[in-house]
Amino acid sequence: MSATDRLRSKLAEAAEALGASGAEVQLERPRNAEHGDWATNLALTLAGRLKKPPRSIAEELVGRLDLTGAGVRTAEVAGPGFINFRLTGAAVESLLERILAAGAAFGRSEAGTDEPMMVEWVSANPTGPLHFGHGRQAALGDAICALLEWTGWSVHREFYYNDSGKQMELLARSVWARYQQLLGDAAEVPEGGYHGEYVLDVAERFREAEGDAYRGDDSDVVLDAMRRFAVAMLRAEQDRDLTDFRVRFDEHFLESSLYSEGRVDATIRGLKETGLTYEHEGALWLRTTEFGDQKDRVMVRSNGLPTYFLPDVAYHLSKWERGFRHAINVQGSDHHGTVPRVHAGLRALGLPEGYPEYVLHQMVRLERGGQEVKISKRAGGYTTLRELYEIVGVDVARYFFLMRKPEAHLVFDLDEALDQSDKNPVYKIQYAHARMMSIFRKAGAPAEQPGDGAAPLARLDTEAERELIKQLARFPEVVQRAAADRAPHVVCDYLEETAGAANSWYHAGNPSRSPELAVLVDDPELREARLALARGVRIVLRNGLRLLGLSAPDRMEREEQE
RNA sequence: GCGCCCGUAGCUCAGCUGGAUAGAGCGCUUGCCUCCGGAGCAAGAGGUCAGAGGUUCGAAUCCUCUCGGGCGCACCA
């Protein structure tokens with residue numbers, strides 16, 4: 001039982017003594033440090049029930065509280081009836097001890113049950129290189145997976161892609177046109193086709209592999225060969241781009257397999273059996289309005305071909321059938337219209353409401369000097385993900401994509417991203433980590449020392465040090481909240497705050513200012529205690545950076561800018 | 001027209017299940033340090049939380065409406 005749980009149950013006991021049994025006790029961390037370390041609004045919530053002014057209830061509660069063993073030094077009534085608690089010195093020290101003992105595992109929680117969780121994201125079609133907007137999704141999905149793993153889920157990472165259909169047809173015809181052009185023949189990239197430079201690359205490589213034999217031949221066999229060649233090549237490129245962006249998948253799921261394995265037909269049969277389908281003007285419809293959709297949807301067109309709705313349902317059903325009782329889809333909000341349809345199709349088949357869960361994110365706008373950027377070499381109409389991270393670096397790109405909540409629009413500011421000072425939040429955090437490492441180097445002390453908890457932590461008695469310890473101790477709950485909300489930006493905000501607190505703690509001990517506040521003071525005991533705190537800082541920053549998929553460098557090497 | 005998301009400081013954005021004086025970074029102002037017009041440290045100014053009602057002890061947060069922005073509304077994927 002943690003100290004806060006003890007405090008909570010003691011408050012519940014006190015409330016019961018006042019005649020309010022079964023009261024729910026909320027403990028929160030006040031934003032304002034003057035309000036102590038923990039606070040409860042219990043008296044305010046009981047005011048209606050007990051028909052007494054909140055402040056007098058608060059006084060009575062405090063009078064009846066037995067604080068022994070709760071790690072609390074003072075309990076005082078404040079404001080309209082809050083009760084504020086302050087931790088004892090020993091309680092603060094034990095927070096740091098716990099961080100040092102947990103080390104690289106600090107922030108992970110045992111709460112999870114190791115249940116399987118399917119996360120699907122990126123899912124770009126293999127019709128060209130990933131563009132920078134995919135970066136947001138790539139980073140977001142990956143960070144959500146990491147958060148889930150840190151909180152005890154067993155995560156399966158999946159990438160779904162469409163390898164058949166009209167877009168593939170257009171891709172094949174685009175390659176075909178470029179191939180004919182290479183051979184000196186006039187040919188046009190079809191309307192709605194792909195114009196990027198990469199299509200020419202595909203055509204050239206195809207020609208290298210297959211020679212000139214297909215000149216003027218646009219038979220299905222040739223187009224099919226070009227399609228397969230292009231898909232293989234472009235998929236390989238996407239894989240490279242993602243791998244270099246530190247994003248990996250356990251499985252790539254092909255839409256075509258849904259047909260070849262009969263899953264689409266099985267889904268049609270299953271839906272028909274529900275009695276929720278009907279024929280209208282030669283097409284087969286599903287009553288998705290039964291489940292809250294705005295209108296019914298066509299499953300099979302009058303020409304006998306399924307709409308995309310059907311494989312979508314079949315695909316998500318396959319997740320359930322593969323044993324995933326929990327599934328998250330990360331998608332751009334431009335596709336949010338499909339959500340009620342898929343949900344409706346799956347509910348018709350008996351799956352629970354809200355399966356799968358969706359994380360929808362808004363679009364990204366790339367800016368430089370306040371203007372939208374449209375640099376593009378390889379893809380024609382857009383900046384590729386690789387172009388972006390080759391300019392700003394993978395760490396910066398990932399962090400910038402993660403630092404805003406998914407449902408908000410994201411302005412990716414290249415000027416800020418290219419700044420290598422502390423103004424750039426990524427460098428600010430990494431610098432703070434590197435500073436701690438440089439202290440260890442200077443002290444000739446190891447960065448990790450298992451017996452650290454035995455350091456005389458009571459010597460850490462300045463207000464700044466106490467606050468820093470409490471800030472570090474929050475990390476696990478930050479991870480849990482970020483995981484529960486599927487919101488990696490919460491971790492970004494926390495790391496930036498923590499780095500700021502660590503930086504000012506460090507700078508306060510600058511020799512030109514207050515040398516007695518430096519980590520490496522002469523007093524050996526104090527020095528030992530401060531080194532332990534520096535290790536705690538380092539643990540939290542490193543764990544947080546790794547969680548987000550960023551490096552935690554031992555030293556920063558600032559690139560000289562001309 | 002209907003649906004979803006968003007509207008918080010000059011800019012980019014936080015604000016957990018409604019809680020105490022609405023926060024951060026950038027930019028700006030003022031000091032300090034310094035080998036410079038670069039970088040660092042400290043402090044400060046800056047808000048009708050888009051607007052109007054409502055719910056309640058208490059609303060940026062919940063409900064309704066209005067205004068503004070984005071996206072989606074096919075027998076296209």
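All values below were derived from every heavy atom in this structure, side-chain atoms included, with hydrogens, water molecules and symmetry-related copies excluded. Just so it is clear, the structure is predicted and the values come from calculations on it, not from any experiment. Naming convention: chains lettered A, B, ... in sequence-line order (proteins, then strands); numbering from 1 in each chain.
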Could you tell me the separation between the [atom1] atom of [X] and the [atom2] atom of [N], rounded to a whole number of Å?
X: A:Arg368; N: B:rU12; atom1: CZ; atom2: P; answer: 19 Å
X: A:Arg136; N: B:rG70; atom1: CZ; atom2: C1'; answer: 13 Å
X: A:Gln420; N: B:rA39; atom1: CD; atom2: C1'; answer: 12 Å
X: A:Tyr431; N: B:rA39; atom1: OH; atom2: P; answer: 12 Å
X: A:Leu366; N: B:rU12; atom1: CG; atom2: P; answer: 15 Å
X: A:Asp419; N: B:rG38; atom1: CG; atom2: P; answer: 13 Å
X: A:Phe412; N: B:rC13; atom1: CZ; atom2: P; answer: 13 Å
X: A:Leu402; N: B:rC13; atom1: CG; atom2: P; answer: 15 Å

Which part of the nucleic acid, if any, lies within contact of [X], taking any heavy atom under 4.0 Å across all strands shown: a base, the sugar-phosphate backbone alone, or nothing?
X: A:His280; result: base
X: A:Ser333; result: sugar-phosphate
X: A:Ala408; result: sugar-phosphate

[atom1] gap between [N] and [M], integer Å:
N: B:rA22; M: B:rC73; atom1: C1'; value: 37 Å
N: B:rA20; M: B:rG58; atom1: C1'; value: 10 Å
N: B:rC67; M: B:rC26; atom1: C1'; value: 30 Å
N: B:rC5; M: B:rC62; atom1: P; value: 11 Å
N: B:rU56; M: B:rC75; atom1: P; value: 46 Å
N: B:rG44; M: B:rA24; atom1: P; value: 10 Å
N: B:rA60; M: B:rG18; atom1: P; value: 13 Å
N: B:rG51; M: B:rG68; atom1: C1'; value: 11 Å

Taking side-chain contact (heavy atoms from CB on, under 4.5 Å) as the test, write out the residues that go with [X], two or more places apart.
X: A:Glu169; value: A:Arg173
X: A:Ala146; value: A:Leu547
X: A:Asn329; value: A:Glu120, A:His316, A:Lys319, A:Gln331, A:Pro356, A:Tyr358
X: A:Asp334; value: A:Met363

Would you indicate which nucleotide in [options] comes nearest to any side-chain atom of [X]?
X: A:Ser421; options: B:rC75, B:rA39, B:rU12; value: B:rA39
X: A:Arg404; options: B:rU12, B:rG70, B:rC75; value: B:rU12
X: A:Glu407; options: B:rG72, B:rC5, B:rA77; value: B:rC5
X: A:His336; options: B:rA77, B:rA14, B:rC71; value: B:rC71
X: A:His335; options: B:rA77, B:rC71, B:rC75; value: B:rA77

Before accepting this row, confirm whether a basic side-chain N of the pair [X]/[Y] lies closer than 4.0 Å to the acidic partner's carboxylate O.
X: A:Arg86; Y: A:Asp37; result: no
X: A:Lys470; Y: A:Glu467; result: yes
X: A:Glu290; Y: A:Arg347; result: no

Would you write the dot-bracket representation of RNA chain B, where each base gets (, ), [, ], | or . depending on whether it forms a Watson-Crick or G-U pair under 3.5 Å and with which partner? (((((((..((((.....[...)))).(((((.......))))).....(((((..]....))))))))))))....
Not counting sequence neighbours, which residues clear salt bridge (charged side-chain N to carboxylate O under 4.0 Å, His left out) with A:Asp395? List them please. A:Arg246
List for me each residue that meets salt bridge (charged side-chain N to carboxylate O under 4.0 Å, His left out) alongside A:Arg341, sequence neighbours excluded, and say none if there are none. none
If the plane angle is over 60° it's perpendicular, under 30° parallel, otherwise tilted; pick one for A:Phe159 and A:Tyr161. perpendicular
For the residue pair A:Phe400 and A:Phe412, categorise the inter-ring angle as parallel (less than 30°), tilted (30 to 60°) or perpendicular (more than 60°).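 If you compare the ring of A:Phe400 with that of A:Phe412, the planes turn out tilted.
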Using a distance-only test with no angle check, is there a side-chain donor-acceptor pair under 3.5 angstrom linking A:Gln480 and A:Thr151? no
A:Ser421 and A:Asp419 side chains, donor-acceptor separation under 3.5 Å: yes
Nucleotide N/O of nucleotides 25-35 of chain B paired with protein N/O under 3.5 Å:
unit_1 : atom_1 : unit_2   : atom_2 : d
B:rG27 : OP1    : A:Lys423 : NZ     : 3.0

Using the test side-chain hydrogen bond (donor to acceptor under 3.5 Å, both in side chains), find all partners of A:His361 that sit at least two apart in sequence or belong to another chain. A:Gln137
Within the side chain of [X], is there an N or O that forms a donor-acceptor pair under 3.5 Å with the backbone of [Y]?
X: A:Arg29; Y: A:Trp38; result: no
X: A:Asn84; Y: A:Ala39; result: no
X: A:Tyr399; Y: A:Cys492; result: yes

For A:Val300 and A:Leu410, take the nucleotide of RNA chain B holding the closest heavy atom to each; which residue's nucleotide lies nearer the 5' end? A:Leu410
Can you work out whether A:Gln167 or A:Leu360 has the more 5'-proximal nearest nucleotide on RNA chain B?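 The residue mapped nearer the 5' terminus is A:Leu360.
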Under 3.5 Å, is there any donor-acceptor pair linking the side chain of A:Thr307 to the base of B:rC75?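 Counting by modelled atom types and ignoring angles, no donor-acceptor contact under 3.5 Å is found here.
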Would the number of heavy atoms belonging to other residues, nucleotides or ligands and lying under 6.0 Å from CG of A:Asp220 be above 12? no
Any residue of residues 499-509 of chain A with a heavy atom less than 4.0 Å from an atom of RNA chain B: A:Ser504, A:His507
Give the residues of residues 286-294 of chain A touching RNA chain B, defined as any heavy atom closer than 4.0 Å, sorted by residue number.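 By residue number: A:Gln294.
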For each nucleotide in nucleotides 15-22 of chain B, reading 5' to 3', give B when a protein heavy atom comes within less than 4.0 Å of its base, S when such contact involves only the sugar-phosphate, and - otherwise. SS--BBB-
Quick one, A:Leu276 with A:Phe291, criterion side chain to side chain contact (heavy atoms under 4.5 Å, CB included). Give me CA distance, side-chain angles, the key distance, then yes/no. CA-CA 11 Å; A:Leu276 290 164; A:Phe291 304 101; 3.8 Å; yes
